[in-house]
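Below is one structure, written out as structure tokens, with a few remarks after it.
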Amino acid sequence: MIPLENFLVLSAILFALGFYGVLARRSAILILIAVELMLAAVSINMVAFAAYLDPTRFTGIIFAIFVITVAAAEVGLALGIVLRLFRERASANVDEANSLKW
Amino acid sequence: MSDLNFDYTLLIPELILAVAAGIVLLADAFHTELRLNRTLLPGFTVLAALAAGLTSLAWLDTSDDFATLLAVDNFTAFFRVLFAFTLATVVIGSYEFVAREIRHQGEFYAMFLLATLGASVMAASQELLTAYIGLELLSFSLYVAVSLAKRDPRSGEAGLKYVLLGGVASATLLYGLSLIYGSAGSTSYAAISETFAAGTANVELPLLLGLVLVIAGLGFKISAVPFHMWTPDAYEGAPLPVTAILSATSKAGAIALLLRLFSGPLLPVKDDWQWMLAVISLTTMVAGNLIALQQTNIKRLLAYSSIGQVGYMLLAVATISDASASALLLHLGGYTVTNLAVFMAVIAFYNRQRSERIADFRGLAETNPYLALVITAALFSLSGMPLLAGFTTKFILFQAAAQDGYLWLVAIAVVMSTISLYYYLLVIRLMYVQEPDGAPAPDPQTGRLDRPNLRWRTSPASYAVTAVLLLGTIAIGLYATPLLEAADDAAAVLFPA
């Protein structure tokens, strides 16, 4: 059996990659993809914990299903807002959304 | 299989909000087919809010925990009433604003109803997943509401920043929750509390990491420094009523969740998180109040002032106990009333002057003395002047926190309150000392003042709402006992004797 640590390390790497993507990418779409990576890391964590620590109940797995569903809703919503901004400025670059500061 | 025979009548307030949100959305979408007058929408929303608030009072002192998913108890009731009051006030005070500035009114009011529903679920949560769903319902509704002012390009930008940073914060929070779930083996508050009380020796590291991530994620939602970057932008770009909801419902909901989490499942590991919250409380009140000093837009000023207020509230969470939880609830009640008074007055001002610049408040005491009075009283209350709500609630809050050994932090909080008085006074000075725009200088020969009549009236709805809030601010300041008793009853649920 694969030890639990492997799953946790995988999810930690995914989470860190996602966070790096959020900081490094300038396109709103790519930032959204990076957020999805972070949420995938959460799902892996949840499912792994559920399988190893709490095998009789499915709390962690149900949690992962909810995370996936909510993430889909979030992307739909965020894309709507990006689209609105794109219509106004013909750009999805977050550096150009700079009329509000301090 | 667990028993599903719960007392579903206890959920009536939430059901009212959910059904009302659906009705408002559909009524707006099909208003031509149904021959509906769209001006009825705000009235209907207010009715739903009042119904939800009143029905939650009907079952005080009864409780059910719905198989440890949700708890309907006095704590939940306190927040349900607070949220319903906020929603009703904001809708009444801003329907003229919405009719003029927002094209899709039905969606706008539906988002308000859903945000209120999400916040109620957060306050009632007894389990991590429920808490998360409530939090996301609140946040998603607000993402949409922030970006609904289609004529204002700032609104889209604010929405984008809010939704992207909000997504990162949710993911961070969730990762933290997953680590806590891994350390405790359950998502139910009661079970987590039991596991941690029995000892955490073998899960020290994941637990600590989980706590850091949870505090970062929730810190974003309540806009604690250094996770506050979205707050001023979202506040400025959002339509004014949404800013009011952001500063009242969204904050109170997150504080309710913090209280539930840190007084229940995480209380056994208090030593691990207490210093984190104390540090965040310190940075929040210092940074919020200092950056507020140099703002020129009233919404941004109120954004930073609300960040400062969050610092005081976190102080009470860091020193959590029976007394400080009740003091925090009292302060939250007083803060909500006072803050709404400012926002409703600013909306009335905006309806007439079409400006959010602080400089344009010049001479308001001359042109509309009533509004100037409301803003003055509310700002004084926010800074903690005696006889007003802010003083009483802050006094009790600081006293409760000081008793728990964080005297140095309380001392800094008092200094920061004094600093906040400075930037509030700048606004008040503009309103009272300076002449309004368009006022002619006195005649050089006779010295007589011959000025056109610059007076203008507030609309009846704004007048009524601001009057109620002004009276509330004064009433809580002079006689806080009823609110204090309600707060005590609510806090007693968190710390059963």
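Only a predicted model underlies this, so the values are computations on that prediction, with no experimental measurement involved. In what follows, chains are A, B, ... by sequence order, proteins preceding strands, each numbered from 1.
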Heavy-atom cut-off 4.5 Å, strictly under: side chain, backbone, both or neither for A:F19 against chain B?
side chain

Can you tell me which portion of B:S155 sits under 4.5 Å from chain A's heavy atoms? Options are side chain, backbone, both or neither.
both

At a heavy-atom separation under 4.5 Å, does A:A34 approach chain B through its side chain, its backbone, both, or neither?
neither

Against chain A, label B:A158 side chain, backbone, both or neither, depending on which of its atoms sit under 4.5 Å from a heavy atom there.
both

A:E74 versus chain B, the contacting section by heavy-atom distance below 4.5 Å:
both

The interface call for A:V22 against chain B, heavy-atom contacts under 4.5 Å, is side chain

Considering only heavy atoms, which portion of A:S43 lies under 4.5 Å from any heavy atom of chain B: side chain, backbone, both, or neither?
neither

Taking the side chain as every heavy atom from C-beta outward, state whether A:M38 and B:Y175 have any pair of such atoms under 4.5 Å apart.
no

Are the side chains of A:E88 and B:E157 in touch, meaning some heavy atoms are under 4.5 Å apart?
no

Indicate yes or no for a side-chain donor-acceptor contact from B:Y181 to the backbone of A:G60 under 3.5 Å, with no hydrogens or angles considered.
yes

According to ring-ring contact (aromatic ring centres under 6.0 Å, His included), who are the partners of B:Y350, at least two apart in sequence or on a separate chain?
B:F97

Segment of B:T172 engaging chain A (4.5 angstrom heavy-atom cut-off):
both

Given side chains that start at C-beta, do those of B:S178 and A:F63 come closer than 4.5 Å, heavy atoms only?
no

How about residues 125-133 of chain B versus chain A: which residues have heavy atoms under 4.5 Å apart?
B:E127, B:L128, B:L129, B:Y132, B:I133

Chain B contact via A:A73 - which portion, at a heavy-atom distance below 4.5 Å
both

Taking the side chain as every heavy atom from C-beta outward, state whether B:Y162 and A:I81 have any pair of such atoms under 4.5 Å apart.
no

Identify which part of A:A48 has an atom lying under 4.5 Å from any heavy atom of chain B, answering side chain, backbone, both or neither.
neither

Largest heavy-atom contact set with chain B, pairs under 4.5 Å, which of A:T59, A:I62, A:V70
A:V70

Can you tell me which portion of A:L8 sits under 4.5 Å from chain B's heavy atoms? Options are side chain, backbone, both or neither.
backbone

